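Throughout, protein chains are lettered first and strands after them, A, B, ... in sequence-line order, and every chain is numbered starting at 1. Bear in mind the structure is a predicted one, so any value in this text is a computation, not a measurement.
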Number of protein chains: 2
Amino acid sequence: MKRTSLAGDSCPVARALDVFGDWWSLLIIRDASLGRRRFGEFQASLGLAKNILATRLRTLVERGILKTVPASDGSAYQEYVLTPKGHGIFPILVALRQWTEEFDEHPDEIATIMVDRDKGKPVKKLALLSQDGRVLGAADTTLKLRPARKTARRLATA
Amino acid sequence: MKRTSLAGDSCPVARALDVFGDWWSLLIIRDASLGRRRFGEFQASLGLAKNILATRLRTLVERGILKTVPASDGSAYQEYVLTPKGHGIFPILVALRQWTEEFDEHPDEIATIMVDRDKGKPVKKLALLSQDGRVLGAADTTLKLRPARKTARRLATA
DNA sequence: TTGTGTGGTTGCAATATTAAACCTGATGCT
DNA sequence: AGCATCAGGTTTAATATTGCAACCACACAA
């Protein structure tokens, strides 16, 4: 009766959710992408129980989203920072943010807007483009079976 | 000791997760965006317990992501379809998919690729652009406090 | 060396998830 | 119409996860 795992699922959406799709992980990742690094920072910012935070940090490290590094202030403690795999989650955070900005019933309760660092102007909405540059909506896309990977010819003829 | 709610949070990421951030909701939304509409279709596709599916469908309807409509085949049953607010989740699904495509350890287990319906070619990666058209990464962005909403002048002078 | 802050672990109560049995109304068959 | 079956749930009971608080160990500061 364990929580059902999505790890073996063939759907890439499910596979992503299996890695960080629980109630707290994405918020930890959000905090990490805002520069928070220490256990106590996460705990104070998120207000979650310490045991939960401990297990979440552990599994995020196991799964290659975060890694531990020696503390930047020279103390003997450790800090948690995003790996490249973790930084890759950024577009997902942006998409979540933009959905709330567009559809939330109380947009006045949103505290922040995302701006580009250079000009300080709000960023544009994430755009899905076709290879020839058209903007695509959900209805303009389909799923195709992934073409089979090339098998090693070398073995076939050996 | 309830599961802590994120509904009142000022972070738009947290607010989105409060609406569909649990273990099953996004998968239900994914299925809905693939055209599944019936209780039985969702249950067969996701393999989750029927009581869980029932509660998830109920809260997704409450929250304006799905709505119930009379069955398309003329039977007396009802079907669940995405509202505009639900369709707006599409970019999040794309972002999750693309993260798996880029970072998953076993990309050969991914069954499908997203293509544009017209040409059948794979879509491009979601791009975050500044207002002057530069492609932005996480490091090129910051958060700014949302400017206060204009208050009604009418009342101030009345 | 005594105290305090950081980063956890442990134990317990409350809640959520799960599977399976059960129920109800709609549909189909004859 | 009468009966079986199916779709769409609800209920029940076992198990797992969450949340809180108490505890603990080590680092660091005085």
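A/R38 has no side-chain polar atom (N or O) that falls below the 4.0 Å cut-off from OP1 or OP2 of C/dT6. Taking only side-chain nitrogens and oxygens, B/W23 never comes nearer than 4.0 Å to OP1 or OP2 of D/dT18. Within the structure, every side-chain polar atom (N or O) of B/Y80 is placed at least 4.0 Å from both OP1 and OP2 of D/dA7. Under 4.0 angstrom from either OP1 or OP2 of D/dT18 there lies no side-chain N or O belonging to B/T4. Using a 4.0 Å cut-off, some side-chain N or O of B/R56 falls inside it from OP1 or OP2 of C/dT17.
You'll find the side chain of B/W99 reaches within 4.5 Å of the side chain of A/K85, heavy atoms only. Counting heavy atoms from C-beta outward, A/D108 and B/R146 have side chains that approach closer than 4.5 Å.
Counting to the nearest Å, the P atom of D/dA13 and the CG atom of B/N51 are 14 Å from each other. One can place CG of A/L48 at 13 Å from C1' of C/dG8, the figure rounded to the nearest angstrom. Rounded to an integer number of Å, the gap from B/F42 CZ to D/dG8 P is 10 Å. Atom NZ of A/K50 is separated from atom P of C/dG5 by 13 Å (rounded to the nearest Å). Summarising the geometry, the separation between CG on A/L57 and P on C/dT9 is reported as 10 Å, rounded to the nearest angstrom. We find that CG of A/D73 is positioned 11 Å from P of C/dT6, with the value rounded to whole Å. Going from atom CZ of B/R58 over to atom P of D/dG9 covers 9 Å, rounded to whole Å. If you take CG of A/L46 and P of C/dG8, they are 15 Å apart, rounded to a whole angstrom.
Nucleic acid contact class of A/Q78 (heavy atoms, under 4.0 Å, all strands): sugar-phosphate only. Among the protein residues, B/A49 comes within range of the nucleic acid bases, having at least one heavy atom under 4.0 Å from a base atom.
Nearest heavy atoms, A/F42 versus A/L48: O-CD2, 4.5 Å.
A salt bridge between A/E101 and A/R97 is present, with a side-chain N of the basic residue lying under 4.0 Å from a carboxylate O of the acidic one. Using a 4.0 Å cut-off between charged side-chain N and carboxylate O, B/D140 and B/R134 make no salt bridge.
Nearest-nucleotide positions on DNA chain D for A/G74 and A/I52 put A/I52 closer to the 5' end. Checking B/E41 against A/W24, the closest nucleotide of DNA chain D that is more toward the 5' end is the one next to B/E41.
Scanning atom types as modelled, one donor and one acceptor separated by under 3.5 angstrom connect the side chain of A/Y77 and the base of C/dG5.
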